[in-house]
Amino acid sequence: MKGILKIVSGSLLLFVFLLSGCSDFEEINTKPDAFTSDEVSAKYFLTGLQIELYAPNRFPYWRAHLIHADRFAGQFTFGFNGCWWTDGLAYSYNVGYTDASYAWMSGYLGKFSTYQNFVRPGGELENDKFYAIGLIMKGLYYQMYTDTFGMVPYSEASNPDIITPKFDSQAEIYQGVIAELDEAMNIIGDETVTGDGLEFLAENDLFFNGDLQKWKKLANTLKLRMALRAQGAPGADFAESAITAALQDPLLSMEGDNALMEKDTEIDQFGNAAYGDIWHNFGGLGSKWKIGKTLVDYLRDNNDPRLPHYAEPIIGGEVTFTRPTEGNGVALFDKYVEFILGELDNAGVEYTESGSADEITISVAEGEYYVGQPTRLNGDIYPHVKYELFSAPADWVVNPKNSGSPIFPEVVMTAAEGNFLQAEAAVKGFGSGDAQAFYEEGLRQAMLMWNVDEGAISEFLANEDMAQLDGSMEENLEKIAIQRWIAAYTDGFEAWAIVRDTGYPAELANGVSDYDLYSAGTLNGEYPQRMRYGNVEYNTNGANLQEAIQEQGPDEQGTELWWSAGN
């Protein structure tokens, strides 16, 4: 990503400059050594806004993305022997990690508001096209924010005269965001660029290189996602008309439409983080993770060609299971070993077994095996969850910076998603589109995104039952939901939302019950429905927060959101 470092550095310098001087812009312009209005553009702010929302520094990237969203999504797991934590982490509420996550997400609003105030009508950097882009960024942010916590400040949040804004219901937020997306699309109209000269947005836009028509497609695809998610929820009378309207306008649908934010290889991890910054930079085995069983099983058992692009084969070799001398693990040792070996059997792993009742050694035969680690394993089974027996993320996901190796980009919104959403709408009776055609194109785009060979894609589409919407309405919706979830790999916030919204994959949504193997956490085995609010909100806006809790339900991870499948 050549040039991004320079772009971001310039953005940050301008950001500091403008923040310190925006109270008297005219005075600044009289200083001979200061920037003039002809040298300042909103495009320098946009780069930082995109990075902060999708690739923030390592602190929230580790705590919000990896510890919470990616793992609640069931796509990444901790808890192998050698990891710092069991996989019960975050399923048991942790105030420090939760506060860090909430502080990052709620704090983004201040950065966004600064940008939007500059470009709004009458603002010091007024530009209606940049304002429209800001409205779309706001929509992306609020969908993630409210889908993570539920009710959050929205209608009063950007008002500088209101220090303690009220919390809005999710219905109000969804309806408001959809209206603002419509406003943004109307502003853009048929325009393709933001302006001339300094107002020309190109490489500073990390999503679309300044192409306004792709921004418009992004807005419409987000509108369709939110409207389908809202449909059927209490007070979502706006949803069906929004779905119908979205289907009549262009959506992200082709490979060139993908909003994938390329990873910078030069910016420090405390300015722009990637999974590799956690994987390689500290902790040895302690900070590493594995791929979840549910994800690997769907890929492997359906001959999905994305499997080697998502995950690494297991290391294998020889491993030994030893019965502990004390604790719960003594009596449960046989159950633990049987469980682990059962996962190997299910994955078709060939191995030989030897040893005694108290020490069992297996030797894995040579071969390429993919085995996902079961989600949410507890501390008692931890010693027997061997690193060598479960698949790690593919190198493309965790490659280090400055190594000359590619790093998979951040997923913002994809052509696969646009097609899957149209397939879902068609199955539900909206529009006149062909659900099967949209579904196949969604699969194709999802695979192309991971550099899967066209021939392998064609073979999958022609031969696999998973590629056919040939069941009942509910069975077809289940397939679409699962494929949306698979395509959201590395976008844990959206993958987690898909499970809560649709109830699929059911293996995740149903939670856990065998506490010999799994962690009950503070949820008593139930699937997490939201994250708790951060203490900063209790300390600074406590009265409004308490009102929200009275309306939404207890500030607990098990409280279902407005649109969830269980409501």
Side-chain angles (χ1 to χ4, degrees), residues 54 60-79 85 87-92 97-98 101 105 143-150 225 229 275 278 288-299 304 306-307 310-311 372-377 390-394 397-398 408 410-414 416-417 420 446 449-450 478 480-512 518-519 521 523 525-532 557-558 560-561 563-566:
Y54 288 99
Y61 205 86
W62 176 19
R63 290 159 173 78
H65 296 69
L66 183 55
I67 289 178
H68 286 101
D70 291 323
R71 293 179 49 258
F72 288 169
Q75 297 186 339
F76 290 154
T77 59
F78 292 147
W85 311 282
D87 206 39
L89 181 71
Y91 293 94
S92 294
Y97 296 138
T98 298
S101 304
M105 197 173 286
Q143 187 241 307
M144 185 190 301
Y145 188 20
T146 187
D147 286 359
T148 300
F149 298 100
R225 173 196 280 178
R229 184 161 292 162
Y275 286 120
I278 303 169
K288 292 179 171 51
W289 58 94
K290 294 293 185 176
I291 305 294
K293 167 184 167 61
T294 306
L295 180 58
V296 172
D297 282 1
Y298 272 111
L299 295 171
D304 194 308
R306 284 172 289 187
L307 179 56
Y310 276 27
Q373 182 180 308
T375 297
R376 209 164 160 175
L377 294 178
F390 297 99
S391 291
V397 176
V398 295
F408 186 72
E410 290 291 331
V411 175
V412 178
M413 189 83 77
T414 66
E417 173 81 344
F420 287 139
M449 192 168 69
W450 286 87
E478 178 180 2
I480 295 168
I482 288 170
Q483 288 303 320
R484 285 184 63 209
W485 174 78
I486 293 172
Y489 180 52
T490 71
D491 181 11
F493 285 100
E494 183 57 23
W496 177 32
I498 290 167
V499 181
R500 291 174 289 155
D501 174 30
T502 67
Y504 300 115
E507 300 94 317
L508 297 170
N510 291 341
V512 297
Y518 300 102
S519 172
L523 299 170
E526 294 181 357
Y527 188 69
Q529 298 296 318
R530 61 181 292 274
M531 287 180 64
R532 290 173 60 167
Q557 291 176 317
E560 293 182 338
L561 298 186
W563 45 252
S564 75

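Everything quoted here is computed from the prediction, not taken from an experiment.
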Sub-3.5 Å donor-acceptor pair from the side chain of [X] to the main-chain atoms of [Y], do we have one?
X	Y	answer
Arg71	Asp87	yes
Gln75	Trp485	yes
Arg376	Gly521	no
Gln373	Phe78	yes
Gln557	Ala90	yes
Asp501	Ala497	no

From [atom1] ([X]) to [atom2] ([Y]), nearest 0.5 Å:
X	Y	atom1	atom2	result
Asn510	Tyr527	CG	OH	11.0 Å
Thr502	Trp563	OG1	CH2	9.5 Å
Ile498	Tyr504	CD1	OH	14.0 Å
Ile278	Lys288	CD1	NZ	11.0 Å
Tyr61	Leu66	OH	CG	9.0 Å
Leu561	Arg500	CG	CZ	5.5 Å

Of all heavy-atom pairs between [X] and [Y], which one has the smallest distance, and what is that distance?
X	Y	value
Ala73	Leu508	O-CD1, 3.3 Å
Ala311	Ser391	CB-CB, 4.2 Å
Ala446	Phe420	CB-CE1, 4.5 Å
Arg63	Tyr97	CG-CD2, 3.6 Å
Gly558	Leu523	N-CD2, 3.5 Å
Glu417	Met413	CG-SD, 3.7 Å

Task: Any residue meeting side chain to side chain contact (heavy atoms under 4.5 Å, CB included) with Pro60, in chain and number order, not counting sequence neighbours - done: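 Applying side chain to side chain contact (heavy atoms under 4.5 Å, CB included) to Pro60 gives Pro56, Asn57, Trp104.
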TODO: Determine whether Ile67 and Trp62 make a side-chain contact, defined as any pair of heavy atoms from C-beta on separated by less than 4.5 Å.
DONE: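 The answer is yes, as the side chains (C-beta and beyond) meet within the 4.5 Å cut-off.
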Open item on the list: Between Glu507 and Asp297, is there a side-chain heavy-atom distance shorter than 4.5 Å?
Closed with: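 SC-SC contact between Asp297 and Glu507 ruled out.
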TODO: Test Asp70 against every option in Trp289, Tyr275, Tyr489, Trp496 by the side chain to side chain donor-acceptor pair (under 3.5 Å) rule and name the one that passes.
DONE: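 It is Tyr275; the other options fail the test.
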TODO: Using the six-membered ring wherever Trp is involved, compare the ring planes of Phe493 and His65 and label them parallel, tilted or perpendicular (cut-offs 30° and 60°).
DONE: perpendicular
Open item on the list: If you take the centroid of each ring, where Trp contributes its six-membered ring, are Tyr310 and Trp450 closer together than 6.0 Å?
Closed with: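 Ring centroids of Trp450 and Tyr310 are less than 6.0 Å from each other.
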Open item on the list: Under 6.0 Å between ring centres: does that hold for Phe72 and Tyr91?
Closed with: yes
Open item on the list: Tell me whether Glu494 is salt-bridged to Arg225, with the criterion being a basic N under 4.0 Å from an acidic carboxylate O.
Closed with: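 Looking at Arg225 together with Glu494, the answer is yes, because their closest N to O distance falls below 4.0 Å.
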TODO: Any chance you could lay out the side-chain contact (heavy atoms from CB on, under 4.5 Å) test for Asp147 and Arg229, step after step, and finish with the verdict?
DONE: CA-CA 10 Å; Asp147 286 359; Arg229 184 161 292 162; 2.9 Å; yes
